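Working notes for the structure below.
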Amino acid sequence: MSSRRSRQSTAGVSRISDDQIIELVSKLRQLLPEIRDRRSDKVSASKVLQETCNYIRSLHREVDDLSERLSQLLATIDTDSAEAAIIRSLIM
Amino acid sequence: MRPPSSLRQEFLKKWMMGLQRYSTSKKNMSILERKKAIKLSADVAIASARNGTTCWSRALIANGYSKDGGDDKHLVEQILGPESERLIMKKVLTGGASVCNKRMRSKKILKRSCGIQRTRKFAPQVALASSIAKRLVRKRTQILRSLIPGGEFMNDVTLIEETLDYIISLRAQVDVMRSLASASELASEP
C-alpha cells in the first residue's frame with residue numbers, strides 16, 4: 001500500500017482509490033466487536049464510522065474509569081507493605 | 001484481534017517508568033491529581049510504543065509534554081529517554097502536517113470535481129439518498145477526527161489507518177490497566 005501511495009503523491013494530485021478505502025473500512029470492521037459478529041457483508045461506511053466512534057469513546061471512558069479506580073487503590077496501599085511488594089513483583 | 005503481548009509489556013514498562021516520576025509527590029497528591037498522573041503516564045506510555053511512527057502517538061506525546069506542568073518536562077523524558085527530544089520535535093515540525101494538509105486540499109478538489117459529474121447521472125431519488133449517505137459519512141468522519149489525537153492533521157485515508165492502530169493501542173492500554181486494577185484489588189483485600 002505504501003508504494004501505491006508514493007506513486008500517487010508524485011503525480012501531484014492524490015487519487016485515493018475506492019479500493020483503498022474499502023480495504024481500510026473492512027479492516028476497521030474486523031476490529032469492532034459488534035459488527036464483526038453480524039453475518040451481513042453489506043455494512044455501510046457510515047455505520048462502520050458510527051460504531052468506530054462509539055467504540056473509541058467507550059475505550060476512552062474505560063481508561064478514565066480505570067485511572068480513577070487505580071488512583072484510589074494505589075492510595076490505600078502502603079508502599080512498604082507486603083501487598084505493594086507483591087504488586088511490584090507482578091509488574092517488574 | 002488481541003493486541004500483541006509485546007505491545008502490552010512495553011506499555012506496562014513505560015507506564016511504570018512514568019509513574020515513578022510522581023513517586024516522591026505521590027503521598028501528597030489528591031485522588032484527582034493522582035488519577036490525572038496515572039492517565040497522563042498511561043497515554044504517553046502507549047504513545048511511546050509507536051516511537052513517533054504514527055500521527056496519533058506524536059500528538060499524545062506533545063500533549064503529555066504540555067500537560068506535565070509548565071517547567072519540568074520530566075514525565076516525557078522519563079518515558080521516552082534520550083529519544084524524547086527528537087520525538088517531541090517531530091510533532092512540532094510541520095513536515096507531516098503540511099503533507100497531510102496538501103493531500104487533504106487536493107483530495108477536496110478531486111472530490112468536488114468528481115461530485116459534480118456523479119450526481120448528474122443519477123435519478124433524483126437516488127441522488128438524494130446518496131447525498132444523504134455522503135453527508136452522514138462526512139459528519140461521522142469529522143466526529144472520528146475529533147476522537148483521534150492529532151486527527152485534525154489527517155486526510156481521510158490516514159485517518160482510518162491511524163484509527164486502526166489507535167484502537168489496537170487503546171485496547172492494549174485498557175487490558176494492562178484492567179489487570180493492574182484487578183491485581184491491586186486482590187492485594188488490598190484484608
Side-chain angles (χ1 to χ4, degrees), chain A residues 1 5 8-9 11-17 20-21 23-25 27-28 30-33 36 44-79 81-88 90-92, chain B residues 1 12-13 16 19 23 26-27 29-40 42-43 99 102-104 106-107 109-110 133-141 143-144 146-148 155-157 160-161 163-164 166-168 170-171 173-174 177-181 183-189:
Chain A
M1 202 197 296
R5 222 186 307 148
Q8 289 167 357
S9 49
V13 179
S14 68
R15 294 182 191 284
I16 297 164
S17 70
Q20 252 181 302
I21 297 203
E23 185 187 334
L24 289 173
V25 169
K27 280 192 190 156
L28 207 46
Q30 285 163 26
L31 282 181
L32 301 178
R36 189 186 47 209
S44 69
S46 68
K47 182 75 176 158
V48 173
L49 284 171
Q50 186 186 41
E51 293 299 325
T52 306
C53 293
N54 291 341
Y55 188 46
I56 292 182
R57 270 190 282 242
S58 77
L59 285 173
H60 282 169
R61 237 177 295 140
E62 219 180 327
V63 169
D64 201 67
D65 290 343
L66 284 166
S67 304
E68 175 95 40
R69 254 169 82 191
L70 282 168
S71 79
Q72 288 165 348
L73 285 167
L74 296 177
T76 56
I77 292 178
D78 186 4
T79 45
S81 72
E83 292 94 344
I86 292 173
I87 291 183
R88 242 176 284 134
L90 282 172
I91 292 170
M92 300 306 177
Chain B
M1 192 207 307
L12 181 58
K13 190 176 75 178
M16 290 298 123
L19 286 178
S23 57
K26 216 193 321 193
K27 303 237 165 93
M29 284 175 128
S30 68
I31 288 193
L32 185 61
E33 282 173 344
R34 198 166 23 240
K35 171 192 168 180
K36 284 185 185 163
I38 289 174
K39 196 168 176 196
L40 192 62
D43 284 344
V99 170
K102 276 188 206 142
R103 266 194 267 164
M104 256 195 298
S106 32
K107 198 198 169 194
I109 296 168
L110 182 64
K134 277 190 201 135
R135 226 179 301 145
L136 261 182
V137 168
R138 227 174 309 162
K139 186 177 96 172
R140 287 172 181 171
T141 305
I143 296 176
L144 182 61
S146 70
L147 287 173
I148 311 285
N155 63 23
D156 286 355
V157 171
I160 300 184
E161 288 173 344
T163 303
L164 291 167
Y166 185 54
I167 288 182
I168 293 181
L170 268 182
R171 276 191 182 164
Q173 190 184 34
V174 165
M177 289 175 86
R178 213 187 283 142
S179 309
L180 180 58
S184 306
E185 267 163 11
L186 282 173
S188 64
E189 264 165 36

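Letters A, B, ... are given to chains in the order of the sequence lines, protein chains preceding strands, and every chain is numbered from 1. Fair warning: this is a prediction, and the values are worked out from it, not measured in the lab.
In this structure, the portion of B:Ile148 lying under 4.5 Å from any heavy atom of chain A is its side chain and not its backbone. With a threshold of 4.5 angstrom between heavy atoms, A:Asp64 approaches chain B through its backbone and through its side chain. When heavy atoms are compared at a cutoff of 4.5 Å, B:Thr141 approaches chain A by way of both its backbone and its side chain.
When the candidates B:Leu164, B:Leu170, B:Ile160 are compared by the number of heavy-atom contacts under 4.5 Å with chain A, B:Leu164 comes out ahead. Counting heavy-atom pairs under 4.5 Å between each of B:Val174, B:Leu136, B:Thr163, B:Leu32 and chain A puts B:Val174 at the top.
The CD atom of A:Glu68 sits 10.5 Å away from atom CZ of B:Arg34, with the distance rounded to the nearest 0.5 Å. Atom-to-atom distance recorded for B:Tyr166:OH and A:Leu59:CG is 8.5 Å, nearest 0.5 angstrom. Taking NZ from B:Lys139 and OG from A:Ser46, the interatomic distance works out to 10.0 Å, rounded to the nearest 0.5 Å. Once rounded to the nearest 0.5 Å, the distance linking CG of A:Asn54 with CG of B:Leu144 reads 11.0 Å. Taken to the nearest 0.5 Å, the OG atom of A:Ser67 stands 7.5 Å off from the CD atom of B:Gln173.
With contacts defined as side-chain heavy-atom distances shorter than 4.5 Å, the pair B:Met177/A:Glu62 does not qualify. Between B:Ile167 and A:Leu28 there is a side-chain heavy-atom pair separated by less than 4.5 Å. With a 4.5 Å cut-off on side-chain heavy atoms, A:Arg69 and B:Ile38 do not count as touching.
Scanning for salt bridge (charged side-chain N to carboxylate O under 4.0 Å, His left out) contacts around B:Arg140 gives an empty result, with sequence neighbours left out.
Taking every heavy atom of both residues into account, A:Leu70 and B:Ser184 meet most closely at CD2-OG, 4.3 Å. The shortest non-hydrogen separation linking A:Leu66 to B:Ala181 is CD2-CB, 4.1 Å.
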